[in-house]
Amino acid sequence: MFDGLLYCRLFIPPGSYGLSWKVGSNNVEFERGSSPGDYYNDEYLWTKALVQIERRLRSALGDFARYNRFVEKNLPFSCRAGKVQRRLTWPKNARPPLPLRQIRQLESVLDAAKNLSPLGAVTLSHYLNTVAIAYDAVFKELRPLSPLEKYKKKADGRHGGLLDLPPEDPEAFSKWFYSRQWAGTHPWEIVFGYPHGIMLSPHYHEESRLWNYVMWVDSLGWYASAAWMAIALCKHKIPFEFHGQKEVTDALKGIDEVDICPDLYAVHYDDLKKKRPDALRFIRWDPIPQLSPITPDQTARISQTEAARGMQTG
């Protein structure tokens with residue numbers, strides 16, 4: 001509850017539905033937006049749900065310990081949350097997204113890249129040539145194109161004035177970079193993705209007055225491509241840092257953990273059961289939340305909060 005509004009959410013895989021209730025009134029607002037599930041977020045849905053919720057709450061009030069035992073025994077695994085190692089969610093005998101030999105090479109060259117000599121200046125031409133090295137490592141079809149054409153083919157497109165700079169003018173590049181007029185645009189997203197793809201940004205070090213690059217990747221589907229790009233940049237002696245290196249390499253090895261739960265972007269238990277039944281015993285389940293009566297201390301805090309809010313609105 002916040003500011004007199006009680007927010008509620010129903011999770012009915014694969015969708016979620018929300019509403020807010022102005023406590024003490026009949027004002028209810030249903031959350032708007034498209035629904036990915038089988039229901040409309042409307043009064044009919046919530047009436048059906050609240051009837052069941054009320055029945056369960058009344059049952060719990062009679063004996064909380066018994067009710068919690070009942071839930072733990074009967075809650076389907078498809079409605080629970082847990083974690084499992086990523087490689088156990090891959091199809092059996094599937095090739096990893098990047099061979100282990102290349103992952104080890106990536107780890108080795110990234111350590112070396114940190115020690116490469118930084119740059120005295122950066123220009124638009126230097127940036128596009130650097131980006132072209134990355135593109136050529138992944139997109140063979142782009143190799144015949146110029147660096148500018150490659151960038152226009154794969155980048156986000158919202159360059160924020162980057163492509164309007166004179167190609168060989170380091171002062172113009174530096175002035176534009178520090179103006180931050182590109183803020184809110186995506187000049188460094190060299191491969192478009194969701195929520196973001198692969199980014200390669202210049203980075204100026206005030207203390208040394210020298211430049212290098214920073215690379216990072218947000219979209220899991222681009223992790224392997226970003227790795228190939230990083231290896232290519234190292235081979236060309238481009239000084240750069242790879243943010244989130246361990247997260248990327250662990251995911252490519254399949255040794256990190258992924259969520260098992262009904263959320264839209266998580267691995268669903270029923271899908272894992274169908275494709276990798278051998279992995280089920282390795283799921284590390286989260287504890288099931290226990291329903292318990294409100295404590296006197298919690299009651300007192302709620303009363304104090306409501307009293308303070310009454311004074312502010314009175």
Problem set entry | Donor-acceptor under 3.5 Å (Ser108 side chain, Arg104 main chain) | no

Exercise. Does His126 offer a backbone N or O that forms a donor-acceptor pair with the side chain of Thr130 under 3.5 Å?
Worked result: yes

Exercise. Between Tyr17 and Tyr39, how do the two ring planes meet: parallel, tilted or perpendicular, split at 30° and 60°?
Worked result: perpendicular

Exercise. Parallel, tilted or perpendicular for Trp285 and Tyr269, by the 30°/60° rule?
Worked result: tilted

Exercise. Does Met199 belong to the same Ile/Leu/Val/Met/Phe/Trp/Tyr cluster as Tyr127, with side-chain heavy atoms less than 4.5 Å apart forming each link?
Worked result: no

Exercise. What pairs with Asp256 under salt bridge (charged side-chain N to carboxylate O under 4.0 Å, His left out), at least two apart in sequence or on another chain?
Worked result: Arg86

Exercise. Between the side chain of Glu189 and the main-chain N/O of Gly193, is any donor-acceptor distance below 3.5 Å?
Worked result: yes

For this session: Look at the side chain of Gln290 and the backbone N and O of Ile288, then say whether any donor-acceptor pair between them is shorter than 3.5 Å.
Result: yes

Exercise. Can you check side-chain contact (heavy atoms from CB on, under 4.5 Å) on Leu272 and Ile283, steps first, answer last?
Worked result: CA-CA 10 Å; Leu272 189 64; Ile283 298 175; 4.0 Å; yes

For this session: Could you tell me which residues satisfy side-chain hydrogen bond (donor to acceptor under 3.5 Å, both in side chains) with Tyr178, sequence neighbours excluded, listed by chain and number?
Result: Glu206

Exercise. Does a salt bridge link Lys274 with Asp270, judged by any charged N lying under 4.0 Å from a carboxylate O?
Worked result: no

Problem set entry | Main-chain N/O of Leu45 paired to Asp42 side chain as donor or acceptor, under 3.5 Å | yes

For this session: Examine Lys154 relative to Tyr135 and say whether NZ or CZ is less than 6.0 Å from the centre of the six-membered ring and inside a 45° cone about the ring axis.
Result: no

Problem set entry | Donor-acceptor contact below 3.5 Å, side chain His268 vs main chain Asp263 | yes

For this session: Please check if Val138 and Met215 belong to a single hydrophobic cluster, counting links between Ile, Leu, Val, Met, Phe, Trp and Tyr side chain heavy atoms closer than 4.5 Å.
Result: yes

Exercise. Which residues satisfy the ring-ring contact (aromatic ring centres under 6.0 Å, His included) test with His159, sequence neighbours excluded?
Worked result: none

For this session: Considering only NZ, NE, NH1 and NH2 on the basic side and carboxylate oxygens on the acidic side, decide whether Glu257 and Arg284 come within less than 4.0 Å.
Result: yes

Exercise. Could you walk me through whether Asn41 and Trp46 pass the side chain to side chain donor-acceptor pair (under 3.5 Å) check?
Worked result: CA-CA 8 Å; Asn41 192 24; Trp46 283 89; 2.8 Å; yes

Problem set entry | side-chain contact (heavy atoms from CB on, under 4.5 Å) between Leu57 and Leu291, worked out | CA-CA 9 Å; Leu57 287 175; Leu291 202 61; 4.1 Å; yes

Exercise. Going by side-chain heavy atoms closer than 4.5 Å, which hydrophobic residues are tied to Leu116, directly or by a chain of links?
Worked result: none

For this session: Under the side chain to side chain contact (heavy atoms under 4.5 Å, CB included) rule, collect the residues that match up with Lys92, sequence neighbours excluded.
Result: Arg276, Asp278

Exercise. Which is it for Phe177 and Lys175 under the side-chain contact (heavy atoms from CB on, under 4.5 Å) test, yes or no, and what are the steps along the way?
Worked result: CA-CA 5 Å; Phe177 183 83; Lys175 183 178 179 180; over 6 Å; no

Problem set entry | Ile260 with Leu280, same ILVMFWY side-chain cluster at under 4.5 Å | yes

Exercise. Which residues pass the side-chain hydrogen bond (donor to acceptor under 3.5 Å, both in side chains) test with Asp286, sequence neighbours left out?
Worked result: none

Problem set entry | Donor-acceptor pair, side chain of Ser179 and main chain of Trp176, under 3.5 angstrom | yes

Seminar exercise, completed: Leu119 and Pro239 have their tightest heavy-atom pair at CG-CG, 3.9 Å

For this session: Test Ser125 against Glu168 for side chain to side chain donor-acceptor pair (under 3.5 Å), laying out the working first.
Result: CA-CA 6 Å; Ser125 179; Glu168 306 295 344; 3.1 Å; yes

Exercise. Would you call Arg58 and Glu54 a salt bridge, taking side-chain N to carboxylate O under 4.0 Å as the test?
Worked result: yes

For this session: Check whether the ring centres of Phe192 and Trp222 lie less than 6.0 Å apart, and answer yes or no.
Result: no

